[in-house]
Amino acid sequence: MTAVTDDIASAFEGIDPADVPETVDRAALERMRTVAVALDESIRLPVVEYRIGLDPLLSAIPGIGDALSAGISLYIVVESARLGVSFTTLLGMLARISLDFAAGSVPVVGPAFDAVFKANKWNVEAALQDLFPKQASDNAAPEDDTGDAVTIPVTTPE
């Protein structure tokens with residue numbers, strides 16, 4: 001079980017559910033991350049060292065595969081709404097699922113698109129960023145501070 005948890009944690013950069021405040025449902029965050037990893041990165045392709053999930057495999061089933069995948073993806077949106085993610089972030093999450101559904105439904109190229117477009121992982125990251133903006137920015141890579149900035153004072157004419 002630890003290897004699975006480690007794989008899920010390593011798939012996401014930024015916020016670890018163990019670091020979130022006690023008032024937040026940590027189990028819900030872990031469930032969201034588990035669904036995202038299952039759909040987007042649960043299978044490692046050995047030769048190319050790339051990860052795909054169940055989403056492209058479901059996309060290969062004509063007619064119902066993408067609808068099933070989109071339905072499972074909606075769990076992340078519903079759980080995010082329950083946790084208090086903002087309306088605009090929820091709309092972005094729904095847009096990613098819609099794009100994933102539409103492009104994944106295209107015969108032949110749809111499964112390839114689903115292998116590359118990781119909507120669920122991005123949705124979980126968007127939810128975490130919305131819920132914990134300070135922690136997400138603290139865990140981000142530091143900006144390049146070369147000291148080359150120039151400040152130009154601006155005054156208004158009197």
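Everything numeric in this text was worked out from a predicted model, so none of it was measured.
Atom CD1 in I97 sits 11.0 Å away from atom CD1 in I72 (nearest 0.5 Å). Atoms CD1 and CG, from I76 and L94 in turn, are 11.5 Å apart once rounded to the nearest 0.5 Å. Between S59 atom OG and L54 atom CG the span is 12.0 Å, to the nearest 0.5 Å.
Residues Y75 and L39 are not in side-chain contact: their nearest non-hydrogen atoms beyond the backbone lie 4.5 Å or more apart. The closest side-chain heavy-atom distance from F113 to D100 is below 4.5 Å. Side-chain contact between L58 and I61: present, with at least one pair of heavy atoms (C-beta onward) separated by less than 4.5 Å. Residues T89 and N123 have side chains not in contact (no heavy-atom distance under 4.5 Å, counting atoms from C-beta outward). Here the side chains of L131 and L29 are in contact, with some heavy-atom distance below 4.5 Å. Using a 4.5 Å heavy-atom threshold, the side chains of E79 and V35 count as separate.
Looking at D66, its side chain does come within 3.5 Å of a backbone N or O of S105 through a donor-acceptor pair. Within the 3.5 Å criterion, the main-chain N or O of V85 finds no donor-acceptor partner in the side chain of D130. Within the 3.5 Å criterion, the main-chain N or O of D55 finds no donor-acceptor partner in the side chain of S69.
L74 and V124 end up in the same hydrophobic cluster when Ile, Leu, Val, Met, Phe, Trp and Tyr side chains are linked at under 4.5 Å. Grouping the Ile, Leu, Val, Met, Phe, Trp and Tyr side chains by contacts below 4.5 angstrom, directly or via other members, places V108 apart from F117. Both V48 and I43 belong to a single network of hydrophobic side chains, linked directly or stepwise wherever heavy atoms of I, L, V, M, F, W or Y lie under 4.5 Å apart. In the hydrophobic cluster analysis, where Ile, Leu, Val, Met, Phe, Trp and Tyr join through side-chain heavy atoms closer than 4.5 angstrom, V109 is grouped apart from L57.
The heavy-atom pair separating R82 from D25 by the smallest distance is NH2-OD2, 2.7 Å. Contact between P111 and P56 at its shortest, heavy atoms only, is O-CB, 3.3 Å. Residues R51 and K118 approach most closely at O-NZ, 2.8 Å, considering heavy atoms. Of all heavy-atom pairs spanning R96 and A119, the tightest one is O-CB, 3.9 Å. In plain terms, the two heavy atoms of A127 and M32 that are nearest each other are CB-CE, 3.9 Å. Residues A115 and Y50 approach most closely at O-OH, 3.0 Å, considering heavy atoms.
The number of heavy-atom neighbours closer than 6.0 Å to CG of L45, taken from other residues, nucleotides and ligands shown, is above 12.
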Under the criterion side-chain contact (heavy atoms from CB on, under 4.5 Å), I'd like the reasoning laid out for N120 against V37: C-alpha separation, chi angles, the key distance, then a yes or no.
CA-CA 8 Å; N120 300 293; V37 168; over 6 Å; no
